[in-house]
Number of protein chains: 2
Amino acid sequence: MISATDQQDVKKEKILEAAHHRFLHFGYSKTTMNEIAGDLSMSKALLYYYFPDKSQLYVAVMRKVADNYLKSLTDRINTFANLKEAFIFQIDTQHDFIVTNYNFFDYFRLNEQNLPEMIWEIVARVHESETELLVSAITTEVERGQIKPVANPNEIVEVLLDALHGVRAKSLSHKKTMFPNKEHLDEIRSKRLLLADIFIKGLMY
Amino acid sequence: MISATDQQDVKKEKILEAAHHRFLHFGYSKTTMNEIAGDLSMSKALLYYYFPDKSQLYVAVMRKVADNYLKSLTDRINTFANLKEAFIFQIDTQHDFIVTNYNFFDYFRLNEQNLPEMIWEIVARVHESETELLVSAITTEVERGQIKPVANPNEIVEVLLDALHGVRAKSLSHKKTMFPNKEHLDEIRSKRLLLADIFIKGLMY
DNA sequence: AAATTGATAAATTTGTTAAAAAAGTCAGGA
DNA sequence: TCCTGACTTTTTTAACAAATTTATCAATTT
């Protein structure tokens, strides 16, 4: 027998899917609760039965999206042959994550200031997970004797992540095209790989 | 005898000073041509005699500010004992430049898209100058045999500048305080120095 | 002629308000 | 417990007037 709670979870899941679809294609502000309800052939009121309001629905979708990303990270932790592999994985995985969810994050970019606290918690979780992956890779590489022991791997990783972010931000700013195209993205990727290379050598003996 | 053109230049200079003062303290949108004229006890119409419009006045001030910065860079080119010194100089000089002109750049940040072409030319000049300084420092260090020969120093420097920018951007985003305070700035500086250190080691043999 | 101004025109921003759209609520039905 | 239609409240949009600011120009001074 299927419990009521399970049924609810199934329906909630359906709603999350529909909402994700809308948010992903049209962004937060350009999708209405009516439309999401319409997509599911249900009344708007029912959405409010399952989720308290629009922004918390968005947060729930975000959490799901983030959890998927998180999982793809934790699945691979400690599976790398060397530090470089780990760096490349981080660069490509994060890149893919951002590109495939580009529109979804418009709400995020638009409000920047005064976002619900929960959003920041999710962001923090993601960041921690990214950090963890790389810290672990560095620690392993130290144990293997490939690079110098580092006093504070966390600090190193944070600087690396900031730096990688900078490569993206700088390349994308003052480009007219609202949408990053293939060439840009390739340019960013190769710059990041160059940075990663130098960085790794910088950690060696 | 003082030529009419010299007189004009003197007066233009006065106007640039007054405009800079206003832009620096209140930003572009919060200063009016009337106020600038008032500061100089002249009529607003006279401003338009010397400068075609507000935005070109701003650009002229910007050019002056940028030229000063540029000069501080070219003055020091090829005067560094080693690569690290050059990097530190770059970090500190640029940092100082941005902090002392923080408000002045609000116009810059606010419009981001659709800025007058001249602004981008100035930005490009500054960027080239920063790049030149660092490329020269790297080339010198290669000649000294301190680091490995690099195929494309320009590429390396560009990545470094992007990365340094990233350290700043990441640390400053999602901080509520419109104004970066001392502690933030110190944190950014030390992160940047760490990055520079790793980077330099990454360029060694 | 070159430098300057007051008056005035043109453009932009700000404030107001009404209509439209969207968010969010609720009494009641299956 | 799940669900809806009808309803209320809040937010966004549009239109327009008022106020501010940019920009121009004929007239005046140096």
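We use all heavy atoms of the structure for the numbers below, so side chains are in, but hydrogens, waters and symmetry mates are not. A note on names: the letters A, B, ... follow the listed sequences, proteins ahead of strands, and every chain is numbered from 1.
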For nucleotides 27-30 of chain C, list the nitrogen or oxygen atoms of the protein found under 3.5 Å from its nitrogen or oxygen atoms, one pair per line.
none

So which protein nitrogen or oxygen atoms get under 3.5 Å of nucleotides 20-27 of chain D's nitrogens or oxygens?
from   : atom 1 : to    : atom 2 : distance (Å)
D:dT22 : OP1    : B:K54 : NZ     : 3.0
D:dT22 : OP2    : B:M33 : N      : 3.1
D:dT22 : O4     : B:K44 : NZ     : 3.3
D:dA23 : OP2    : B:Y48 : OH     : 3.1
D:dA23 : OP2    : B:K54 : N      : 2.9
D:dA23 : N6     : B:K44 : NZ     : 2.8

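Note on the helix from C:dA1-D:dT30 to C:dA30-D:dT1: terminal axis deviation equals 30°, with five pairs used at each end and the result rounded to 10°.
Ion pairing between a basic and an acidic side chain is recognised when a charged N comes within 4.0 Å of a carboxylate O; B:D197 and B:K201 show no such pairing. At a threshold of 4.0 Å, the pair B:R125-B:D67 counts as salt-bridged, since one of the basic side-chain nitrogens sits closer than that to a carboxylate oxygen.
C:dA23 atom C1' lies 16 Å from atom CG of A:L46, rounded to whole Å. Counting to the nearest Å, the C1' atom of C:dA22 and the CG atom of A:L57 are 15 Å from each other. The distance between atom NZ of A:K30 and atom C1' of D:dT13, rounded to the nearest whole Å, is 11 Å. For B:L47 and C:dA3, the CG to P distance is 15 Å, given to the nearest whole Å. The interatomic distance linking B:M42 (CE) with C:dG6 (C1') rounds to 16 Å, in whole Å. The distance from atom CG of A:D9 to atom P of D:dC2 is 11 Å, rounded to the nearest whole Å.
Relative to the ring axis of A:Y50, A:K14 does not place its NZ or CZ within 45° and under 6.0 Å from the centre. Under the 6.0 Å distance and 45° angle rule, A:K84 does not count as a cation-pi partner of A:F199. In this structure, B:K12 satisfies the cation-pi test against B:F51, with its NZ or CZ atom closer than 6.0 Å to the six-membered ring centre and inside 45 degrees of the ring normal. Cation-pi check for B:R109 over B:Y102 is met; the charged atom lies under 6.0 angstrom from the ring centroid and within 45 degrees of its normal.
Taking a 6.0 Å sphere around NE2 of A:H95, one finds it holds more than 12 heavy atoms contributed by other residues, nucleotides or ligands. Annotation: A:K64, atom NZ; neighbour count of heavy atoms from other residues, nucleotides and ligands within 6.0 Å is above 12.
Ring orientation note: the planes of A:Y28 and A:Y58 are nearly perpendicular, at an angle over 60° on the 30°/60° scale.
The aromatic ring centroids of B:F105 and B:F97 lie less than 6.0 Å from each other.
As judged by a 4.0 angstrom heavy-atom cut-off over every strand, A:Y50 is placed among residues touching the sugar-phosphate backbone only.
Residues A:D53 and A:S55 bring a donor and an acceptor atom of their side chains to less than 3.5 Å of each other.
For C:dT4, the OP1/OP2 oxygens have no side-chain nitrogen or oxygen of B:Y49 closer than 4.0 Å.
Remark: nothing in residues 15-27 of chain A comes within less than 4.0 Å of DNA chain C through any heavy atom.
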Between side-chain atoms of residues 36-44 of chain B and protein atoms elsewhere (two or more places apart, or another chain), which donor-acceptor pairs fall under 3.5 Å?
from  : atom 1 : to    : atom 2 : distance (Å)
B:D39 : OD1    : B:R22 : NH2    : 2.9
B:D39 : OD2    : B:R22 : NE     : 2.7
B:D39 : OD2    : B:R22 : NH2    : 3.4
B:S43 : OG     : B:L46 : N      : 3.3

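For A:D106, there are no salt bridge (charged side-chain N to carboxylate O under 4.0 Å, His left out) partners two or more places apart in sequence or in a different chain.
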